[in-house]
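Naming: A, B, ... by sequence-line order, numbering from 1 per chain.
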There are 2 protein chains.
Amino acid sequence: MPKIGSGMEAVPKQTTIRDVARAAGVGIGTISRVLNSSSQVSLETRARVNEAIRRLGFRPNAQARRILKRRSEIVCFLLSNRDFIHPFHARILQGVESYASGLRHHVLFAVLHYSPRTAPEKIDLPPVLQEHGLIDGVILAGTIYPNLLRRIEAIRMPFVAFSNNVVGMDGDHLYDQVGFDDFSGTLQSTRYLIEQGHREIGFAGDLSYPWIRRRFDGYRQAMRENKLKPVSILPRKADGFVDFGQKSAERILAGLSRPSAVVAGNDETAYGLWLSLRRQGVKVPEEISLVGFDDREEAVLMDPPLSTVRVYKEEIGQTCMKMLLERLHHPQMAYSQRILPTEFVVRGTVRQL
Amino acid sequence: MPKIGSGMEAVPKQTTIRDVARAAGVGIGTISRVLNSSSQVSLETRARVNEAIRRLGFRPNAQARRILKRRSEIVCFLLSNRDFIHPFHARILQGVESYASGLRHHVLFAVLHYSPRTAPEKIDLPPVLQEHGLIDGVILAGTIYPNLLRRIEAIRMPFVAFSNNVVGMDGDHLYDQVGFDDFSGTLQSTRYLIEQGHREIGFAGDLSYPWIRRRFDGYRQAMRENKLKPVSILPRKADGFVDFGQKSAERILAGLSRPSAVVAGNDETAYGLWLSLRRQGVKVPEEISLVGFDDREEAVLMDPPLSTVRVYKEEIGQTCMKMLLERLHHPQMAYSQRILPTEFVVRGTVRQL
DNA sequence: TTATTTTGTGGAACCAGTTCCACGCATTTT
DNA sequence: AAAATGCGTGGAACTGGTTCCACAAAATAA
C-alpha cells in the first residue's frame with residue numbers, strides 16, 4: 001500500500017481565470033462569461049480572451065465551478081458486489097454512460113459491498129453517497145433490498161432503481177423505477193411454444209427470485225388461457241442458475257412423462273438444461289424444445305442458437321439515466337415507473353410438432 | 001431529452017462548517033480540525049463539535065475540500081467503445097474498484113468513443129480528461145492506440161495502461177504499464193500438450209492482434225524447443241473470434257494431415273473450434289485436444305470444461321490502481337512495467353496420447 | 001518566581017470559480 | 001437637448017472548505 005497523504009510537497013499552482021484576465025487585459029467576470037458562452041460579450045473581446053486561454057493552456061477547474069453550480073453533473077452507478085458487473089448489468093451501465101455522456105454528465109462507478117457476515121438490512125451506504133456534493137443522484141442496479149432504498153431516501157439523495165432486481169415485497173412504496181416486462185416475456189415465449197404444437201410444457205426456474213416468479217406467472221397465464229396444466233420442475237438443491245438447469249434436466253429425464261418443451265427461467269438455466277440433456281443423448285430441439293430469457297450474448301452462440309426473450313439492456317440504462325435527470329431538474333415531480341417491453345426471438349431451439 | 005439547465009430555481013442552501021461552528025460555540029478552524037481528525041483538539045471540544053454535527057446533520061462538501069487539497073481522489077477507468085465492458089475488462093474494473101475503495105478513492109467510468117468514421121489516431125480525448133481537477137489520473141483498458149497515450153501525456157495527466165491491449169508498436173516509449181504474460185501462457189499450455197504425447201499441434205488465432213501474436217510466439221517457442229514444427233492455421237476471412245475458431249476448424253477438417261491438438265488464440269476461438277468440430281462429429285478431446293487462453297467464466301461451463309490459460313483479471317485491476325496511486329504520490333518516480341504471471345489450468349479438453 | 005514551551009483555539013486569508021451590481025458609453029426615444 | 005434604454009465590462013462579494021498565524025492559558029523548566 002502506498003502511503004496515502006504523502007507527496008504533499010508539490011503544489012503545482014494552476015492557471016486561474018485571474019491569470020487569463022490579466023493576460024487578456026480584461027476583468028475576471030468577462031472570462032467567466034466567455035467560458036459559459038454567455039451572450040453578453042463582444043466578438044472582439046471574446047476572441048482576445050480565447051486567444052489568451054489558448055496561449056496559457058488554461059483549463060477551468062471543474063471542482064470550483066461545481067461548488068457554485070450546486071450540481072456536479074456526476075451520477076453514481078451503484079451495483080452490489082453480489083452480482084458484480086455481470087454482462088447483463090454491464091450492458092445497462094453502457095446505456096447509462098452513453099446517455100450521460102451525451103448530456104455532458106459523468107458516471108461514477110461504485111460497488112455496494114454486502115458481506116456474507118452482515119445482514120443485507122444493516123449494510124452501510126457506500127462512501128460516495130455519504131459525501132455531500134460529489135454526486136447528483138444514483139442509479140441502482142443489481143440486487144437491491146428495499147431497505148437500501150429507505151436509507152438513500154433518508155439522506156435525500158435522488159435515485160432511480162432498475163426495479164427488476166428489487167428483492168422483497170415493497171408494494172405501495174413509491175420511487176422512480178425502470179424495469180422490463182418479465183411477465184409478457186414468458187407469456188410470449190410460452191404462447192409461441194403452444195402455437196408450435198406443444199402441449200406438455202414445463203417451467204424450470206429458481207422461484208426464490210422474484211423476477212423468476214414473475215416469469216413463471218407469464219408462463220402460467222399462457223398455459224391457463226390454453227387450458228393446459230402448468231408444471232414447475234423442482235430439482236434438488238442447485239448451485240447457481242446453470243446448475244439449476246442441469247439438475248432440472250435430471251429431474252425431467254427421471255420423471256414418468258417427459259414434456260416436449262421447457263421454458264427456462266433464464267438463459268443460464270436454459271444452458272444448464274441443454275448441457276445435461278445433450279450429455280444424456282437427448283437432442284434439442286428434436287426431442288425437447290427449449291426457450292430461455294434475457295438474450296445474453298452467448299445465447300446466439302449456442303448450438304443450436306437459443307430461442308429466448310430479448311431484454312433491451314442498454315435501453316434500460318438509458319431510461320434510468322433519463323429519468324434521473326428529469327428528477328434532478330424537477331425534484332417535485334411525481335414518481336414514475338417505466339416498464340420496458342420484452343420480445344421473444346425465434347432461433348433454433350424450438351421444434352414444430 | 002430533459003431541458004438541461006432548467007430547474008435552477010431551488011438553491012438549497014446547505015449547512016456549512018460556519019453553521020456548525022456557531023452551533024457548537026467554537027471557531028471554524030476547530031470544525032475543520034475535528035473533521036480531519038487532527039490531533040490538536042481537546043476531547044471536550046471534539047465531543048461538543050461532533051454533537052453539533054450530528055444535530056445539524058452536517059456533511060462536509062467534498063468539492064470544496066478537493067479544491068484546496070488539489071486532489072480529487074477520483075480516478076478514471078477508461079475503456080474504448082470497441083470492446084465496451086467485455087467481461088474481461090469488467091473483471092479488471094472490479095479489481096480497480098476494490099483497491100480504490102479500500103483507499104477511499106472513487107472510480108469514474110468513462111468510454112472512449114471511437115467512431116467508425118474517425119481514424120483512431122485523431123480521436124478526441126474524452127471530456128473527463130479535459131476537465132481540470134476532476135480526476136487525479138487514468139487507468140486505460142481495452143484497445144489502446146499509442147497515439148492516445150501521447151495525447152494523455154500532453155495534458156500531463158498521470159496514467160497507467162493495461163498494456164496487453166496496446167495496438168501498434170511503440171518500442172522504446174516508456175510509461176507505467178501492467179500486463180500479463182501471453183508468451184508464458186501458451187508456452188505452458190503447449191508444453192503440456194507435448195508432455196501428454198501430442199506432436200502435431202496447430203495454432204489457431206487471429207494474428208492481427210498483437211497479444212495473439214505474443215501467444216503464438218510462446219507456442220512456437222515450446223514447439224521449437226521440442227524440435228516440432230509449428231503450424232499456424234489460416235482460415236478464410238472470419239467475423240470475430242468465435243467465427244475465427246469455426247473457420248479454423250473447417251480448415252483443419254479439410255486439410256490432409258489432421259493435428260492431434262490445437263492451441264487456440266483465446267477461449268472464444270477455442271469455443272468456435274469446439275462448436276464446429278462437434279457439429280462435424282469430431283469429438284473433443286477424444287479426436288482433437290484443445291486449449292484456450294483467458295479463462296473466461298464460460299470456459300468451465302463448456303462440455304467438457306476447457307483447459308485454458310488463466311489470467312488474473314482482478315489482480316490486473318488492483319495492480320493498475322496501485323501503480324497509479326504510487327505515481328500520484330511520487331510524480332518523479334521512474335516508469336515501471338509489471339507483467340503478471342499466467343497459469344495453465346488443466347480441465348477436460350486435453351487427451352493423453 | 002519568572003521564563004519558556006506546549007496545547008488549544010479563533011479567524012483572516014485563501015482556493016478557483018460564479019454572480020450580480022454598478023458604471024461608462026453608445027444608441028434610441030421623448 | 002434631455003432622458004431613457006441597452007450593451008459590454010470590471011470587480012467585490014460570495015461558495016464551503018483548509019491553512020496558517022496569532023494569541024491566551026496551562027504546563028513545564030530554569
**Q** Could you tell me which residues satisfy salt bridge (Lys or Arg N to Asp or Glu O under 4.0 Å) with B:Asp19, sequence neighbours excluded, listed by chain and number?
**A**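 Residues passing salt bridge (Lys or Arg N to Asp or Glu O under 4.0 Å) with B:Asp19: B:Arg22.
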**Q** Does C:dT18 have OP1 or OP2 under 4.0 Å away from a side-chain N or O of A:Ser32?
**A**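 True: A:Ser32 side-chain N/O within range (under 4.0 Å) of C:dT18 OP1/OP2.
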**Q** Choosing from C:dT18, D:dT18, D:dG16, which nucleotide comes nearest the side chain of A:Arg70?
**A**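 Comparing C:dT18, D:dT18, D:dG16 against the side chain of A:Arg70, the answer is D:dG16.
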**Q** Using heavy atoms to find the nearest nucleotide of DNA chain C for B:Ile67 and B:Leu43 separately, return the residue whose nucleotide is more 5′.
**A**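 Upstream on the strand: B:Leu43.
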**Q** Only counting residues at least two apart or in another chain, list the ones meeting side-chain hydrogen bond (donor to acceptor under 3.5 Å, both in side chains) with A:Ser101.
**A**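 In terms of side-chain hydrogen bond (donor to acceptor under 3.5 Å, both in side chains), with neighbours along the sequence ignored, A:Ser101 is linked to no residue.
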**Q** Between C:dC15, D:dT15, C:dG8, which nucleotide has the shortest distance from any of its atoms to the side chain of B:Thr45?
**A**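 Ranking C:dC15, D:dT15, C:dG8 by closest atom to the B:Thr45 side chain puts C:dG8 first.
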**Q** Can you tell me if B:Thr30 touches the phosphate of C:dT9, counting only side-chain N or O atoms and a distance under 4.0 Å to OP1 or OP2?
**A**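 Checking C:dT9 against B:Thr30, no side-chain N or O comes under 4.0 Å of OP1 or OP2.
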**Q** Which whole-number value in Å describes the distance from A:Arg65 CZ to D:dG16 C1'?
**A**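 These atoms are roughly 18 Å apart.
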**Q** Between the protein and nucleotides 20-28 of chain D, are there any N/O to N/O pairs under 3.5 Å, and if so, what are the atom names and distances?
**A**
from	atom 1	to	atom 2	distance (Å)
D:dC20	N4	B:Arg33	NH1	3.3

**Q** Could you pull out all residues at least two apart from B:Glu153 that satisfy salt bridge (Lys or Arg N to Asp or Glu O under 4.0 Å)?
**A**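 In terms of salt bridge (Lys or Arg N to Asp or Glu O under 4.0 Å), with neighbours along the sequence ignored, B:Glu153 is linked to no residue.
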**Q** For A:Met323 and A:Val178, what are the C-alpha separation, side-chain angles and deciding distance, and is it a side chain to side chain contact (heavy atoms under 4.5 Å, CB included)?
**A** CA-CA 9 Å; A:Met323 280 178 67; A:Val178 178; 3.4 Å; yes
**Q** Ignoring hydrogens, what is the shortest heavy-atom contact between A:Ser72 and B:Gln63? Give both atom names and the distance.
**A**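 Shortest heavy-atom contact: CB-NE2, 3.6 Å.
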**Q** Can you list the residues that meet the side-chain hydrogen bond (donor to acceptor under 3.5 Å, both in side chains) rule with A:Ser163, with sequence neighbours excluded?
**A**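 If we apply the side-chain hydrogen bond (donor to acceptor under 3.5 Å, both in side chains) test to A:Ser163, skipping adjacent residues, the hits are A:Gln177.
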**Q** Nearest nucleotide by nearest heavy atom, which residue falls closer to the 5' end of DNA chain C, B:Ala64 or B:Arg48?
**A**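 Nearer the 5' end of the strand: B:Arg48.
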**Q** Test of understanding: with side-chain hydrogen bond (donor to acceptor under 3.5 Å, both in side chains), list the residues that count as partners of A:His132, not counting sequence neighbours.
**A**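 For A:His132 the side-chain hydrogen bond (donor to acceptor under 3.5 Å, both in side chains) partners, ignoring immediate neighbours, are B:Gln14.
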**Q** Whole-Å distance between D:dT18 C1' and B:Asn61 CG?
**A**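 Whole-Å distance recorded here is 13 Å.
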**Q** Residues two or more places apart in sequence or in another chain: which of them pass ring pair (Phe, Tyr, Trp, His ring centres under 6.0 Å) with A:Phe77?
**A**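 For A:Phe77, no residue satisfies ring pair (Phe, Tyr, Trp, His ring centres under 6.0 Å) once neighbours in sequence are set aside.
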**Q** Could you work out which one of C:dA16, D:dG17, C:dT19 sits closest to the side chain of B:Ile17?
**A**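 Minimum distance to the B:Ile17 side chain belongs to D:dG17.
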**Q** Under the side-chain hydrogen bond (donor to acceptor under 3.5 Å, both in side chains) rule, collect the residues that match up with B:Arg327, sequence neighbours excluded.
**A**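 With neighbours one apart ignored, the set is B:Asp176.
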**Q** In whole angstrom, give the distance that lies between atom CZ of A:Arg66 and atom C1' of C:dG17.
**A**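 In whole Å, C:dG17 C1' lies 12 Å from A:Arg66 CZ.
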**Q** For C:dT18, does either OP1 or OP2 sit under 4.0 Å from a side-chain N or O belonging to A:Asn36?
**A**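 A:Asn36 to C:dT18 OP1/OP2: side-chain N or O found under 4.0 Å.
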**Q** Report the distance from atom CD1 of B:Ile53 to atom P of D:dG17, rounded to the nearest whole Å.
**A**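 Value for this atom pair: 10 Å.
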**Q** Evaluate the salt bridge (Lys or Arg N to Asp or Glu O under 4.0 Å) criterion for residues B:Glu131 and A:Arg66: first the C-alpha distance (whole Å), next the side-chain angles of each, then the deciding distance (0.1 Å), finally the verdict.
**A** CA-CA 12 Å; B:Glu131 271 190 45; A:Arg66 280 184 234 283; 2.7 Å; yes
**Q** Checking A:Arg18 now: which residues fulfil salt bridge (Lys or Arg N to Asp or Glu O under 4.0 Å) with it, not counting sequence neighbours?
**A**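 By the salt bridge (Lys or Arg N to Asp or Glu O under 4.0 Å) rule, A:Arg18 matches no residue at all.
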**Q** Ignoring backbone atoms, establish whether B:Ser42 has a side-chain N or O less than 4.0 Å from OP1 or OP2 of C:dT9.
**A**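 For C:dT9, OP1 or OP2 has a side-chain N or O of B:Ser42 closer than 4.0 Å.
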**Q** Does any residue of residues 20-27 of chain B have a heavy atom under 4.0 Å from DNA chain D, and if so, which ones, in number order?
**A**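 Nucleic-acid contacts, sorted: none.
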**Q** Please tell me which of the listed nucleotides, D:dG17, D:dC14, D:dG11, lies nearest to the side chain of A:Leu68?
**A**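 Nearest listed nucleotide: D:dC14.
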**Q** At how many degrees, to 10°, do the end axes of the helix from C:dT1-D:dA30 to C:dT30-D:dA1 meet when each uses five pairs?
**A**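 One end axis against the other gives 40°.
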**Q** Rounding to a whole Å, what distance do you find between B:Arg46:CZ and C:dG8:C1'?
**A**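 My rounded result for the distance is 11 Å.
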**Q** Can you figure out which of C:dG17, C:dT19, C:dA13 approaches the side chain of A:Gln14 most closely?
**A**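 So the side chain of A:Gln14 is nearest to C:dG17.
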**Q** Rounded to the nearest Å, what distance is computed from the CD atom of residue A:Gln63 to the C1' atom of nucleotide D:dG17?
**A**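 Nearest whole value for this atom pair: 12 Å.
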**Q** From CZ of A:Arg18 over to P of D:dG10, roughly how many Å is that when rounded to an integer?
**A**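 Result: 14 Å.
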**Q** Can you check the A:Ile28 CD1 to D:dT9 C1' distance for me, whole Å?
**A**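 Between C1' of D:dT9 and CD1 of A:Ile28: 12 Å.
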**Q** Suppose we screen for salt bridge (Lys or Arg N to Asp or Glu O under 4.0 Å). Which residues come up paired with B:Arg156, at least two apart in sequence or across chains?
**A**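 So B:Arg156 forms no salt bridge (Lys or Arg N to Asp or Glu O under 4.0 Å) with any residue.
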**Q** Where is the tightest heavy-atom contact between A:Cys320 and A:Val160, given as atom of each residue plus distance?
**A**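 It is O-CG2, 3.8 Å.
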